[in-house]
Protein chains: 2
Amino acid sequence: MQSKPRERLIETSLRLFSTHGFHATGIDRILAEAGVAKMTLYRHFRSKDELILAALDRYETIFRAWLEGVLRHSDRPPDQRILDLFDKLSAWFGASTLRELTFQGSMLTNAAAEFGQPGHPVHDAVAAHVRGLSSILEDTVSEAGLPANLSNRLVVTMFGAVLLAQVYRDPRVFQDARLTVSAILRETAPVPA
Amino acid sequence: MQSKPRERLIETSLRLFSTHGFHATGIDRILAEAGVAKMTLYRHFRSKDELILAALDRYETIFRAWLEGVLRHSDRPPDQRILDLFDKLSAWFGASTLRELTFQGSMLTNAAAEFGQPGHPVHDAVAAHVRGLSSILEDTVSEAGLPANLSNRLVVTMFGAVLLAQVYRDPRVFQDARLTVSAILRETAPVPA
DNA sequence: TTCGCGCTAGAAAAGCCTGTCTGTTTGTTC
DNA sequence: GAACAAACAGACAGGCTTTTCTAGCGCGAA
């Protein structure tokens, strides 16, 4: 608990929101587990919604770094890196299932489910974050010499796989998704399986 | 309001849960909009969770009928019907966006997002419903003479497309998904685009 | 050492949540 | 027409929600 209150609030929110959802997580619980006073929260954030936005922002930062690690900082050919992504997702699933917390899918799409109304700040933030992550895929697709609009199909497959892994509690979904992506890539250019 | 109270409760729940989410919808609002007394609700359902389960059940029934209409009751060849599915999803998106209610994605996966803990009755019900819907796709895949395990990939693509259409508010996602499915099918057997 | 700032604890406001209970009215069936 | 079951309205309990407020503690800087 040596870090600063604002930081503890964001980290604790990240954990609780992704585990129990947004509406189901009360502010009192966040404060208790972060060891922060109520006034301090409202000094840093105008409302609970703003705290949610901050937690989503942090989530996007973490996931972006992970995704860039997989897609950019690798010596394998770009199309192979895209296939690797689904093996890494599968490993991520296994790791978070084994720990104290069970795999809870993507916090971004979970937020989209709870805040479905377009125009709501949280919904709009989710859309922006997803678009941002999508552009990383787009870069890798371009690097592979493939048409850029291919990345939309990859995003659908990636989030679809994360979603169904959450529902089914089965990492084999990622292998199915990998086969799908393999078919998508093979359609345009020959790719080693 | 001539239908029976139990029916009105389920229909109103279906509408409110899918529009505003489960935790965000209080039973008082359901009761007011259904025109039903509180005691009547608790005569028919032991708790709010049971009402949620009933609403999900109804949702599955409706979506199953719709899906069977697209995949079974059609004179087009089975692989073509699978491709048609994504055109019909796109039309469904457009229809529900134009009405009073905006498109809110799949109520099943929205429920999975709010009730992420495995073992929770709602989570388990969602998993069972998704499996049931998946078997309809499996039948059509078999009918087309394709390997049955292909249906898992189609399910990922379908739910992924619904999810991203909800986030992006853009029906073009379904065309992307259709291209993906086309690639999946083409990988195994020649299919007219 | 003293000032000021960020933090703490704790209380309180105002409202919504689920679930229970009482009494009345309506509708159906013998 | 009497009897019975179901649905009605409305109040109430107990708890949780977000947000605001007061009062004091502790630490770093001047």
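In what follows, chains carry the letters A, B, and so on, assigned in the order in which the sequence lines appear, proteins first and then strands, with residues in each chain numbered from 1.
- Mapping B:Met39 and B:Lys48 onto DNA chain C by nearest heavy atom places B:Lys48 closer to the 5' end of the strand.
- If you take CG of A:Asp49 and C1' of D:dT18, they are 11 Å apart, rounded to a whole angstrom.
- Under the 4.5 Å side-chain heavy-atom criterion for grouping Ile, Leu, Val, Met, Phe, Trp and Tyr, A:Phe86 is connected to A:Leu133 within one hydrophobic cluster.
- Note: CZ (A:Phe22) to P (D:dT17) measures 16 Å, nearest angstrom.
- Close to D:dT18, at under 4.0 Å from its OP1 or OP2, lies no side-chain N or O of A:Arg46.
- For the 3.5 Å distance criterion, the side chains of B:Arg186 and B:Ser182 qualify, holding a donor opposite an acceptor.
- Contact check, B:Ser47 against C:dT18: no side-chain N or O comes under 4.0 Å of OP1 or OP2.
- Residue A:Leu31 contributes atom CG, which lies 14 Å from atom C1' of D:dT20 at whole-angstrom precision.
- Between A:Phe115 and A:His123, the ring centre distance reaches or exceeds 6.0 Å.
- Checking D:dT19, C:dT18, D:dA9 against every side-chain atom of B:Ala37, the shortest atom distance belongs to D:dA9.
- Taking 3.5 Å as the limit, the base of C:dT8 and the side chain of A:Lys38 contain no donor-acceptor pair of atoms between them.
- One atom, CD1 of B:Ile52, and another, C1' of C:dT18, lie 12 Å apart when rounded to the nearest Å.
- Distances shorter than 4.0 Å separate some side-chain N or O of B:Arg43 from OP1 or OP2 on D:dA7.
- Taking 4.0 angstrom as the limit, B:His44 places a side-chain polar atom (N or O) nearer than this to OP1 or OP2 of D:dA7.
- In this pair, B:Trp92 and B:Phe103 present their aromatic rings perpendicular. The plane angle is above 60°, beyond the 30 to 60° band.
- Residues B:Glu143 and B:Arg81 form a side-chain contact, since some pair of their non-hydrogen atoms from C-beta on lies under 4.5 Å apart.
- In this structure, NE2 of A:His23 is placed 12 Å from P of C:dT18, rounded to the nearest angstrom.
- Spacing between atom CG of A:Asp28 and atom P of D:dG15 amounts to 15 Å, rounded to whole angstrom units.
- With rounding to whole Å, B:Arg29 atom CZ is found 12 Å from C:dT18 atom P.
- Among the nucleotides D:dA9, D:dT18, C:dT8, the one closest to any side-chain atom of A:Tyr42 is D:dT18.
- Look at CG on B:Leu41: it is 16 Å from P on C:dC21, rounded to the nearest Å.
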